[in-house]
Amino acid sequence: MQLISQKTKAIMEECKIRAKDQGLQFDKETLEFVISNHEMTSLSAKNMIPSLYDYWVHDVDKTKSSRSYKLYPSNPYETVINTRPAISFYNDNNPDWLNVMIFYHVLGHIDFFQNNIFYERTHQGDFWAKALADKKVIKQLRLDLGERSRFVDYVIECARSLDNVVGFFRSLDPYSGSERFVFGEKLNYFFNDFLPKRLKEQTNKTKELMDRYNNLLKKCGPDNVEMIFFDSLVGDFPEFEEKYKKYLLHKSTKNEDVLEYLLNHSLLFRDANNAWMKDVINIVRDTSLYFFPQKFTKIMNEGWASFWHQRLFILDDRIRGHEVDYAKLNSGVMRMPRLGLNPYGLGCCLFEFIENMANKGRFSFDYQYCDDAIERKKFDDKSGKGLDKIFDIRRHKCDTTFINYLSEKDYQDFCNQHKLMVVAKRIDYDRAREVYYVKSRKGEDHRQMVFNALLNDPIIEVNRKKTRKGILALNQKFEAKPLDESNIPTMLFYLSHLWGGDTIQLFSYRLVPQSRDKLAVIGRESLDEHMVIRIKHQWRKGKYTKEEVQNE
Amino acid sequence: MSKAKMTKSDLLALEKVERDRLRIYTRSIFEYFDARIFGQHFPENPFLAMDQLDELLERDRQRERDGFPRKIQVGKIIKPGGGSGNDSVIVVPHTEEDKFRYDDSFEDKEIGGSGDQKEGEVIGERPIDEEGQGQGEHSNTGGDSPGEHGIEKRAYELGKILSDDLELPNLVEKNKKFYSYKSTYEMTDINKGSGQILDKLRTMTNIVKDNIALGRLHASNIKPENFLVNPKSKVYKVLSEERIYESKAVVFFLRDYSASMTGPPTDVVCAIHMMLYSCLVYLYDEQVISRFILHDTEAKEASDFNEYYNASVAGGTQVSSAYELVNKIVEDEGLEKDYNIYIFHGTDGDDWDQKGEYAIPEIQKAMDYANRIGISIARNVYSSGVTEIEIYLAESGLLEKNDELLMEAFDANEVSEEMIRNHIRKILSP
């Protein structure tokens with residue numbers, strides 16, 4: 001692994017200037033490394049972060065990729081990681097013109113990382129260095145534990161099993177938890193929650209207290225009234241302050257994800273000897289949060305980078321003499337395959353389509369409510385706001401909202417323009433073949449298909465009502481998709497290790513077709529054809545049971 | 001000018017420079033040796049990574065001892081070599097981390113695509129390919145009950161080490177063929193109007209038929225130059241996909257589990273059969289049916305390798321009983337006609353039937369149909385040199401007369417892994 005040569009770096013710097021002229025925004029500093037194919041295979045196992053903590057699954061992946069590389073030698077042209085400064089890896093021996101194109105692509109990625117709001121949380125620090133610190137912590141733990149060092153791996157394994165159900169979206173909210181200030185919260189709590197419970201039916205008292213507050217408000221003004229009012233209550237309700245504190249604590253921990261909940265409430269950590277596990281779980285959780293936004297901006301991220309490498313490279317004079325090479329290479333990257341989904345192509349075409357629409361002012365009321373096909377085709381108000389629009393989208397959208405950005409008609413136009421369709425397969429049992437056929441050419445169906453492909457991680461939360469004394473209860477949130485039940489015993493086994501109590505319960509959904517012989521196809525329309533069944537999975541003292549439950 | 005000698009003050013100054021250099025690092029979040037840590041993921045010698053597989057598998061075994069399910073599967077990736085049979089296969093470890101996830105099989109798989117076709121039109125097809133092109137994981141991937149597949153998994157690991165140059169000897173074609181997922185291309189299908197090679201006979205027949213129907217052909221006066229030829233009468237042969245059917249083999253594993261086998265002989269025989277079984281699982285997978293038979297004075301069939309491998313020791317020894325059972329199974333189920341049959345027998349060489357009065361006839365009977373009988377004798381410590389089975393087999397002269405019958409004996413206490421491998425090579429030798 002070494003820095004790129006001065007000559008290549010000069011090309012990169014030139015690219016940066018031109019990209020900035022076009023409106024891309026990124027930090028001045030970037031680091032570029034040339035790495036060999038062998039290094040690439042071992043790095044990709046660690047998500048391209050060399051300083052990621054050591055874990056045997058990475059070693060397995062590394063062995064696997066380095067062995068399969070012998071059969072199928074192929075490597076990406078570039079890989080960018082979202083750190084500050086942004087770091088990118090390249091194959092060596094690219095010709096200069098190709099490097100120009102690749103650099104533009106990379107700058108597109110960097111611009112996306114540093115401006116999209118879903119990456120906001122990753123902007124604060126240099127993840128490379130943080131990962132290094134984490135790696136050292138884990139290394140130290142292994143040393144401290146000596147013979148039992150493999151238990152670090154078991155904790156990592158248990159924690160990693162839950163790292164896809166972390167509360168990423170809540171972590172984006174800077175005011176999450178107790179820090180959020182809600183106006184008049186104490187007062188609301190007092191009159192709405194505390195008093196009714198305390199007084200039961202004595203409504204006169206409530207009225208009297210309200211009057212007292214209102215009088216105080218008139219006398220003392222809004223700044224001091226709360227303090228004076230609650231001071232005056234100490235005689236009547238001495239327990240109020242304590243209860244309010246409890247309420248705040250409950251509120252702040254109400255939204256904890258499963259890992260956070262375990263960190264704060266696990267019975268395991270009552271034993272001080274187990275405290276080191278907290279560090280490990282925290283590291284796993286933080287690492288997962290860091291990689292999370294990349295999961296649901298794949299189409300946008302690749303589309304954005306491809307969009308810009310096309311646009312910038314064609315404007316660049318260094319393309320001279322390599323136009324054919326470029327066209328060949330680029331069409332390979334951008335090709336909409338006959339079968340399958342190419343995130344590069346789909347994202348890029350969608351950006352281009354939106355830019356074109358905005359250039360012609362087609363997001364206006366006039367166009368959206370125009371039904372005349374000829375009018376629609378001709379519509380152009382020459383406003384030329386295309387770039388503003390896509391920069392705005394680049395900032396505020398993730399894959400799902402991006403795909404959903406166009407109206408139904410517009411998305412149909414988009415599908416028609418690029419000849420997109422939904423393909424399904426059926427099995428011809430007589431001939432032992434899979435047959436692929438065009439299922440639909442409707443834009444909405446295509447959109448739904450992309451959605452389904454994007455919906456990967458289920459939402460699992462702690463069920464606070466049922467969690468008590470040694471029982472940890474989890475809920476699956478309903479998203480019209482059933483949970484894979486094959487690995488649930490293993491999952492509960494992991495959870496039992498982190499929880500410390502002897503019982504774990506998971507309430508999940510199962511979808512059963514109303515008529516058994518019908519092939520289950522789930523979409524918006526066909527959800528009615530399924531019965532939703534709630535299943536209770538239980539792990540109790542090493543024994544796994546599951547049963548149907550009613551009305552949970 | 002001669003070199004100036006370094007004075008003490010010079011040394012001190014140098015030290016100070018070095019200290020300052022270090023201090024720069026200690027002040028920042030990076031440490032002096034961080035650069036080395038960044039770099040340490042890239043072993044300079046790429047072959048260092050190769051040994052890692054064994055290390056990882058060892059770690060996996062440790063997991064089982066700690067009460068965690070084993071996680072590493074050994075799979076293979078196949079790169080088709082263009083039908084010539086030169087497929088390259090490599091063994092890769094694979095692991096899947098368990099996480100909560102949605103059930104993908106629930107949905108009718110919809111895929112994106114692009115093209116001009118109308119709704120409902122078929123755009124392509126392909127054979128159902130069980131092996132899969134990319135990562136053909138081995139079939140025992142069930143994770144629910146970790147204990148059950150333990151041996152299967154181990155068998156696979158071992159098979160990969162052994163199976164480089166081994167194959168079942170004397171494999172021949174049998175009556176019954178079995179469907180396999182392999183296929184080949186041959187000129188068997190016919191097509192009207194276009195194709196690769198004109199089928200002259202069929203074409204001529206069609207033309208004659210047409211002309212008879214048109215009344216242009218009279219038996220007394222045949223003039224081919226006057227025939228009317230419909231382009232559609234031309235029949236061509238075209239290249240088409242044909243499924244390959246293959247013969248299967250049945251392999252009988254026989255193990256003596258009498259009391260005398262206690263200790264080393266059992267270990268050795270189990271190890272040999274384990275490796276044999278591993279090779280077969282690895283090489284032939286679906287093509288081989290394995291049967292397991294345990295015997296002391298009586299023989300019984302074990303339902304799977306796990307039971308066969310783990311059955312504990314009992315009773316006296318009557319070798320003939322095992323061969324008798326094999327003969328009975330082969331006869332009752334009519335296996336001889338449809339399958340290649342292999343018998344591998346593991347014993348300590350001890351037999352109550354000292355002259356082989358019962359055993360020899362049974363073995364002879366088995367030799368009529370078996371493609372190979374391989375006998376492994378792991379001598380007990382207290383047995384004096386040559387054992388009973390060795391003696392009566394030598395006396396019967398069967399070993400010289402038949403290539404199919406192979407026997408090797410060795411002392412159970414002195415067996416190494418290398419010896420076992422060589423032994424397996426020997427009993428599988430063509």
Side-chain angles (χ1 to χ4, degrees), chain A residues 1 38-39 42 50-51 56-57 59-60 62-64 66-68 70-72 129 132 150 154 160-161 164-165 336 338-341 418-425 427 432-441 449 452 455-456 458 460 481-484 487 489-491 511 519-522, chain B residues 29-30 34 37-39 41-43 46 49-50 52-53 55-56 59 62-63 66 68-69 71-72 77-79 88 90-95 97-128 135 143-144 243:
Chain A
M1 190 161 84
H38 173 69
E39 289 166 345
S42 56
S51 52
W56 60 268
V57 169
D59 295 337
V60 173
K62 184 170 137 190
T63 315
K64 182 179 177 180
S66 69
R67 285 183 177 208
S68 56
K70 282 189 201 155
L71 281 198
Y72 296 99
L132 179 66
R150 59 181 186 277
Y154 296 140
R160 273 173 76 103
S161 72
N164 64 337
V165 292
M336 292 280 201
R338 244 165 79 84
L339 202 66
L341 204 71
H418 293 285
K419 297 177 183 166
L420 299 180
M421 61 197 186
V422 179
V423 178
K425 72 176 174 194
I427 291 175
R433 273 160 185 282
E434 286 171 353
V435 177
Y436 292 87
Y437 65 100
V438 182
K439 192 171 178 204
S440 169
R441 300 197 69 94
M449 184 268 304
N452 281 341
L455 193 63
N456 283 326
I460 307 278
K481 262 190 170 186
L483 210 58
D484 182 358
N487 67 349
T490 323
M491 293 298 302
L511 292 168
L519 260 180
V521 184
I522 192 88
Chain B
I29 52 168
F30 290 101
D34 282 356
I37 293 180
F38 283 148
H41 302 280
F42 313 120
M50 296 296 105
Q52 227 173 10
L53 183 59
E55 240 168 72
L56 288 167
R59 179 192 279 271
Q62 178 63 45
R63 288 172 62 84
D66 290 336
F68 279 75
K71 289 289 275 187
I72 299 179
I77 294 183
I78 298 164
K79 188 181 189 183
S88 17
I90 54 158
V91 175
V92 289
H94 170 77
T95 183
E97 291 181 78
D98 282 303
K99 295 189 188 211
F100 285 121
R101 54 170 182 252
Y102 282 129
D103 188 358
D104 287 334
S105 62
F106 174 71
E107 276 169 60
D108 191 17
K109 275 282 165 60
E110 290 180 351
I111 316 154
S114 67
D116 291 321
Q117 290 88 350
K118 295 202 176 60
E119 275 181 27
E121 225 172 293
V122 172
I123 59 168
E125 58 176 34
R126 61 169 197 158
I128 300 171
Q135 297 139 9
D144 289 10
R243 208 175 284 155

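Everything quoted here is computed from the prediction, not taken from an experiment. Every heavy atom of this structure was used, including side-chain atoms; hydrogens, water molecules and symmetry mates were not.
A:Arg160 pairs by the side-chain hydrogen bond (donor to acceptor under 3.5 Å, both in side chains) definition with A:Tyr53, B:Glu97, not counting sequence neighbours. Under the side-chain hydrogen bond (donor to acceptor under 3.5 Å, both in side chains) criterion, A:Ser440 pairs with A:Asp445, not counting sequence neighbours.
Of the listed residues (A:Leu341, A:Val165, A:Leu420), the greatest number of heavy-atom pairs within a distance under 4.5 Å of chain B belongs to A:Leu420. Chain B forms more heavy-atom pairs under 4.5 Å with one residue of A:Val60, A:Val57, A:Val422 than with any other, namely A:Val60.
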Inset, instruction - Please test A:Tyr154 against B:Asp66 for side-chain contact (heavy atoms from CB on, under 4.5 Å), starting from the C-alpha separation and ending with a verdict. - result: CA-CA 10 Å; A:Tyr154 296 140; B:Asp66 290 336; 2.7 Å; yes
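Using a 4.5 Å cut-off between heavy atoms, A:Met491 contacts chain B through its side chain alone, with no backbone atom that close. Residue contact with chain B, scored on non-hydrogen atoms closer than 4.5 Å, involves the backbone and the side chain of A:Leu339 alike.
Scanning both residues, A:His418 and B:Ser114, for their nearest heavy atoms gives O-CB, 3.9 Å.
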